[in-house]
Asker: 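Dropping a structure here in structure tokens format, bear with me for questions.
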Amino acid sequence: MLVRDAMSTLVLTIGPAHTLRQAAALMSARRVGAAVVLDPDGTGIGILTERDVLNSVGLGQDPDTEHAHAHTTTDVVFAAPSWTLEEAAGTMAHGGFRHLIVLDRGEPAGIVSVRDIIRCWAPQRQPVQRVPA
């Protein structure tokens, strides 16, 4: 199975000036663990994850004044839609991260997460048969 088969194509994108609270609210509303940060005037494409927000709050930083650009990972490893899920999982395991931005012709086409890969690899959940006591 390929990354294109597992990735989410509805990508949450934010700008570098979004506060961490704004980013967290958008991520929560869309039920995603990462946002692609687009900074055409600066670092280009980066990623802000729930872990980045958590680390900032854990340090006592104010999510209303901290901006995404200060917490964005900019040395991003990108995946191609044609990668196998094994390649994506290996890259995540080697790099110690849980999300890969998928680029197609230089543009973000999706995000693949560990959860997406597990969903593809795990057998379909069957309804639990309850035995009367």
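This chain uses plain numbering: 1 for the first residue, then up along the sequence. Please read these numbers as outputs of a predicted model, since none were measured by experiment.
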Asker: Test of understanding: clusters of I, L, V, M, F, W, Y form through side-chain heavy atoms closer than 4.5 Å, transitively. Do M7 and M92 belong to the same one?
Answerer: yes
Asker: With salt bridge (charged side-chain N to carboxylate O under 4.0 Å, His left out) as the rule and sequence neighbours excluded, what pairs involving residues 76-101 come up?
Answerer: E50-R98
Asker: Going by the rule salt bridge (Lys or Arg N to Asp or Glu O under 4.0 Å), which residues pair with R4 if we only count those two or more places apart in sequence or in a different chain?
Answerer: none
Asker: Show every side-chain hydrogen bond (donor to acceptor under 3.5 Å, both in side chains) that has at least one partner inside residues 5-20, sequence neighbours left out.
Answerer: T19-Q22
Asker: Considering only residues two or more places apart or on different chains, which pairs with a residue in residues 24-35 satisfy side-chain hydrogen bond (donor to acceptor under 3.5 Å, both in side chains)?
Answerer: none
Asker: Please list every donor-acceptor pair under 3.5 Å in which a side-chain atom of residues 107-117 meets a protein atom from a residue at least two apart or in another chain.
Answerer:
unit_1: S113; atom_1: OG; unit_2: R115; atom_2: N; d: 3.3
unit_1: S113; atom_1: OG; unit_2: D116; atom_2: N; d: 3.1
unit_1: S113; atom_1: OG; unit_2: D116; atom_2: OD2; d: 3.2
unit_1: D116; atom_1: OD1; unit_2: R119; atom_2: NH1; d: 3.3
unit_1: D116; atom_1: OD2; unit_2: S113; atom_2: N; d: 2.9

Asker: Mind checking salt bridge (Lys or Arg N to Asp or Glu O under 4.0 Å) for D64 and listing every partner two or more places apart, or none if nothing turns up?
Answerer: R21
Asker: Residues two or more places apart in sequence or in another chain: which of them pass side chain to side chain contact (heavy atoms under 4.5 Å, CB included) with A17?
Answerer: none
Asker: Once side chain to side chain contact (heavy atoms under 4.5 Å, CB included) is applied, do any residues pair with N55, and if so which ones, sequence neighbours excluded?
Answerer: R51
Asker: If you take all heavy atoms of V37 and G15, which pair is closest and at what distance?
Answerer: CG1-C, 4.0 Å
Asker: Around atom CG of L10, are there more than 12 heavy atoms of other residues, nucleotides or ligands at under 6.0 Å?
Answerer: no
Asker: For C120 versus A6, what's the shortest heavy-atom pair and its separation?
Answerer: SG-CB, 3.5 Å
Asker: Nearest 0.5 angstrom please: I47 CD1 to H71 NE2, how far?
Answerer: 15.5 Å
Asker: Which residues satisfy the side chain to side chain contact (heavy atoms under 4.5 Å, CB included) test with A23, sequence neighbours excluded?
Answerer: I14, L48
Asker: Would L2 end up clustered with L100 when hydrophobic side chains under 4.5 Å apart are linked, directly or stepwise?
Answerer: no
Asker: Could you check if a side-chain atom of T84 sits within less than 4.5 angstrom of a side-chain atom of M1, using non-hydrogen atoms only?
Answerer: no
Asker: So L38 and I45, side-chain contact (heavy atoms from CB on, under 4.5 Å) or not? Walk me through it.
Answerer: CA-CA 5 Å; L38 298 178; I45 300 171; 3.9 Å; yes
Asker: Listing request: all salt bridge (charged side-chain N to carboxylate O under 4.0 Å, His left out) pairs with a residue in residues 10-20, at least two apart in sequence or in separate chains.
Answerer: none
Asker: Locate the shortest heavy-atom distance separating W121 from A89; write the atom from each residue and the value.
Answerer: CH2-CB, 3.7 Å
Asker: Any chain of hydrophobic side-chain contacts (each under 4.5 Å) joining L12 to L54?
Answerer: no
Asker: Would you mind reporting whether W83 and T91 have side-chain heavy atoms less than 4.5 Å apart?
Answerer: yes
Asker: Are T73 and D52 packed together at the side-chain level, in the sense that at least one heavy-atom pair is separated by less than 4.5 angstrom?
Answerer: yes
Asker: Please name the pair of heavy atoms, one in V3 and one in A88, separated by the smallest distance, quoted to 0.1 Å.
Answerer: CG2-CB, 3.8 Å
Asker: Under the salt bridge (Lys or Arg N to Asp or Glu O under 4.0 Å) rule, collect the residues that match up with E66, sequence neighbours excluded.
Answerer: none
Asker: To check you understand the geometry: which heavy-atom pair defines the closest contact between I101 and G46, and what is its length?
Answerer: CD1-O, 3.7 Å
Asker: For P16 versus H67, what's the shortest heavy-atom pair and its separation?
Answerer: O-CB, 3.7 Å
Asker: Starting from V11, can I reach V76 by hopping between I/L/V/M/F/W/Y residues whose side chains sit under 4.5 Å apart?
Answerer: yes
Asker: Nearest 0.5 Å, please: how far is CG in L103 from CZ in F78?
Answerer: 5.0 Å
Asker: Tell me, please, which residues at least two apart from D39 pass salt bridge (Lys or Arg N to Asp or Glu O under 4.0 Å).
Answerer: none
